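Only a predicted model underlies this, so the values are computations on that prediction, with no experimental measurement involved. Each ligand, and each atom within it, is numbered from 1 in the order the structure gives. FYI, the numbering just counts along the sequence from 1.
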Amino acid sequence: MLGNPRTLLAKALRGRYAIGAFNVNNLEILQGVIRAAEAQRAPVIVQTSEGAIEYAGMTELLAMMHTAAKRASVPVVIHLDHGKNLDVVRAAIRSGYTSVMFDGSSLPYAENVARTRQVVRWAHANGVAVEAELGAIKGVEDFVSVAERDAAFTNPEQALDFVTRTQCDSLAVSIGTAHGAHKATGDITLDVARLRRIHALLPKTPLVLHGASSVPDDLVGATHLYCTMLGDCHRLEGAKGIPDAQTRLAIRHGVTKINTDTDLRIAFTAAVRETLIEDTTVFDPRKLLGPARDAVQTIAERRIAVFRSKWKT
Ligand code: G3H
Ligand code: 13P
Ligand code: ZN
């Protein structure tokens with residue numbers, strides 16, 4: 001069934017759990033994610049980036065997501081991830097996304113406020129929810145100094161001003177997570193003090209964690225094993241994700257939507273690589289992509305368990 005993003009996130013905020021938001025780029029990833037949510041009896045958000053739309057087409061992705069949502073036995077939200085191009089955001093609002101993100105985080109503050117406000121007006125007029133972003137989502141090691149880090153992470157007082165002025169429905173915050181498979185070289189500690197302050201000032205606003213993949217050792221190990229056999233094993237060297245304990249801590253302080261893309265990519269690729277190497281006679285795409293779909297389901301179920309959204313439909 002199609003889920004209402006505002007109701008689901010408000011319920012998650014009250015219940016101190018998070019809803020998994022998974023990036024989908026093709027049919028197999030979408031099916032793996034939906035099967036995981038159904039197996040766990042968890043509400044779920046399926047989201048497409050502008051890159052996914054460029055790859056597969058908005059109409060095609062929306063048709064697949066709507067069909068999957070309609071058939072699913074759990075609530076499914078259809079969300080635009082990191083909308084930066086206003087034409088794409090407007091098209092998403094008109095075409096059937098139930099929620100959109102406008103990412104104005106790289107704009108000067110006043111411009112981020114103005115554009116987010118505009119998107120909120122368009123979206124709310126069409127019954128669509130809006131996620132906005134304040135602060136640059138980068139790993140701690142991407143900053144040259146503590147002062148630079150402080151300037152880039154979400155400022156709690158500014159977050160209050162931002163949400164009040166834009167009326168966005170949820171807010172993506174920068175507290176030390178980073179996109180991709182290499183989030184840090186050392187131990188990862190999120191800025192939970194900052195998160196607590198943001199949550200104290202905005203107790204009713206669902207907060208969103210981007211760049212939150214866990215990059216599990218066993219999956220990285222699986223891709224390593226098979227890429228060693230190919231004689232090319234450098235791509236994931238030093239890969240490191242957000243420890244589950246840090247993710248759980250963030251959920252205790254207002255984080256109610258958690259994005260995962262990298263973990264799905266690693267699981268999918270490890271499975272494809274394994275099939276190609278284990279059985280060199282395979283040339284049927286279904287035999288190649290079927291195990292990848294199963295691998296996506298397995299990792300998505302693991303994420304849902306960490307988010308504590310099992311049985312929350
Ligand atoms: O936050 C970014 C997501 O991982 C989407 O990545 O723009 O390559 O589709 P993408
Ligand atoms: P990861 O790269 O950590 O999976 O983050 C995905 C994300 O934030 C999508 O918006
Ligand atoms: Zn993101």
Side-chain angles (χ1 to χ4, degrees), residues 5 18-26 29-30 32-33 36 44-58 60-61 65 77-85 88-89 92 97 99-106 130-142 152-154 170-184 188 190 206-217 219-220 223 235-236 238-244 246-247 250-251 255-270 295-296 299-300 302-304 306-307:
I19 300 179
F22 298 97
N23 285 71
V24 304
N25 294 275
N26 62 19
I29 297 175
L30 173 64
V33 168
V44 73
I45 298 168
V46 290
Q47 55 188 18
T48 60
S49 66
E50 288 183 352
I53 289 168
E54 216 171 285
Y55 171 76
M58 186 184 281
E60 290 81 351
L61 288 167
M65 292 190 291
V77 171
I78 298 174
H79 177 74
L80 174 73
D81 187 32
H82 289 287
K84 291 188 176 178
N85 179 331
V88 174
V89 175
Y97 281 77
S99 166
V100 295
M101 173 185 192
F102 173 67
D103 178 0
S105 60
S106 61
V130 177
E131 173 186 333
E133 178 172 326
L134 187 62
I137 293 170
K138 286 180 176 178
V140 187
E141 290 156 8
D142 294 325
F153 279 10
T154 307
S170 60
L171 184 69
V173 293
S174 163
I175 55 165
T177 57
H179 289 104
H182 296 84
K183 302 193 189 294
I188 296 176
L190 300 181
L207 303 176
V208 182
L209 209 56
H210 282 247
S213 271
S214 58
V215 192
D217 284 345
L219 286 184
V220 173
T223 58
R235 264 166 295 189
L236 283 180
K240 191 172 211 174
I242 307 299
D244 290 346
Q246 291 285 303
T247 302
I251 293 169
V255 166
T256 52
K257 171 178 180 274
I258 300 186
N259 289 8
T260 299
D261 187 1
T262 296
D263 284 353
L264 306 188
R265 293 180 179 192
I266 296 174
F268 189 96
T269 304
V296 167
I299 185 65
R302 261 158 75 172
R303 300 294 286 154
I304 288 168
V306 173
F307 303 158

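Atom NE2 is the N, O or S atom of His82 at the shortest distance from the Zn ion (ligand 3).
Panel note: side chain Asp244, backbone Val306; no donor-acceptor pair is recorded below 3.5 Å. Looking at Thr154, its side chain does come within 3.5 Å of a backbone N or O of Ser174 through a donor-acceptor pair.
Shown in contact with Asn23 at under 4.0 Å from a heavy atom are these atoms of ligand 1, numbered in order with element: 3 (C), 5 (C). Annotation for ligand 1: atoms under 4.0 Å from non-hydrogen atoms of His82 are 1 (O), 2 (C). Each of the atoms 10 (O) of ligand 2 lies under 4.0 Å from some heavy atom of His82. With ligand atoms numbered from 1 in the order given, ligand 2 contributes 2 (O), 5 (O), 6 (C), 7 (C), 8 (O), 10 (O) to contacts under 4.0 Å with heavy atoms of His179. Distances below 4.0 Å separate heavy atoms of Asp261 from the following atoms of ligand 1: 3 (C), 4 (O), 5 (C), 6 (O). The distance from ligand 2 to the heavy atoms of His210 drops below 4.0 Å at these ligand atoms: 8 (O), 10 (O). Listed by number with element, the atoms of ligand 2 under 4.0 angstrom from any heavy atom of Asp81 are 9 (C), 10 (O). For ligand 2, the atoms sitting less than 4.0 Å from at least one non-hydrogen atom of Gly180 are 2 (O), numbered in the order shown with element in parentheses. Within ligand 2, the atoms closer than 4.0 Å to a non-hydrogen atom of Ser213 are 1 (P), 3 (O), 4 (O), numbered from 1 in the order shown. For ligand 2, the atoms sitting less than 4.0 Å from at least one non-hydrogen atom of Lys183 are 1 (P), 2 (O), 3 (O), numbered in the order shown with element in parentheses.
Atom OG of Ser106 is separated from atom CD of Glu133 by 8.5 Å, given to the nearest 0.5 angstrom. Once rounded to the nearest 0.5 Å, the distance linking NZ of Lys257 with NE2 of His210 reads 4.5 Å. For the atom pair Arg265 CZ and Asp261 CG, the distance stands at 4.0 Å (nearest 0.5 Å). The CG atom of Asp263 lies 4.5 Å from the CD1 atom of Ile299; values are rounded to the nearest 0.5 Å.
Within the structure, the closest approach of Met101 to ligand 2 does not fall below 4.0 Å when heavy atoms are considered.
Angle subtended at the Zn ion (ligand 3) by His210 ND1 and His179 NE2: 130°, rounded to 10 degrees.
Considering backbone and side-chain N/O atoms, His179 comes within less than 3.5 Å of an N/O atom of ligand 1. Of the N or O atoms in Ser49, one or more lie within a sub-3.5 Å distance of an N or O in ligand 1. Looking at Asn23 next to ligand 2, no N or O pair under 3.5 Å apart turns up. For ligand 2, none of its N or O atoms has an N or O atom of Thr260 under 3.5 Å away.
Looking only at heavy atoms of the protein, atom 2 (O) of ligand 2 is closest to Thr262 OG1, 2.6 Å. Summary of contacts: the protein heavy atom closest to atom 8 (O) of ligand 1 is Arg265 NH2, 3.0 Å. In terms of protein heavy atoms, atom 8 (O) of ligand 2 is closest to Gly211 N, 2.9 Å.
Considering all non-hydrogen atoms of both residues, Met101 and Ala172 come closest at CE-CB, 4.2 Å. When all heavy atoms of Leu219 and Ala267 are compared, the pair lying nearest together is CD1-CB, 3.8 Å.
When each of Val46, Ile258, Val44 is paired with Phe22, the side chain to side chain contact (heavy atoms under 4.5 Å, CB included) condition holds for Val44 and for no other.
Atom CG of Asn85 sits in a crowded spot, with more than 12 heavy atoms from other residues, nucleotides or ligands closer than 6.0 Å.
Contacts between Ser49 and ligand 2 below 4.0 angstrom, taking non-hydrogen atoms only, are absent altogether. With a 4.0 Å cut-off on non-hydrogen atoms, Gln47 does not touch ligand 1 at all.
With 3.5 Å as the limit, one finds no donor-acceptor pair spanning the side chains of Asp81 and Ser49. Using a 3.5 Å distance cut-off with no hydrogens or angles, the side chains of His182 and Glu141 do not pair a donor with an acceptor. A donor-acceptor contact under 3.5 angstrom links the side chains of His79 and Glu131, judged on distance only.
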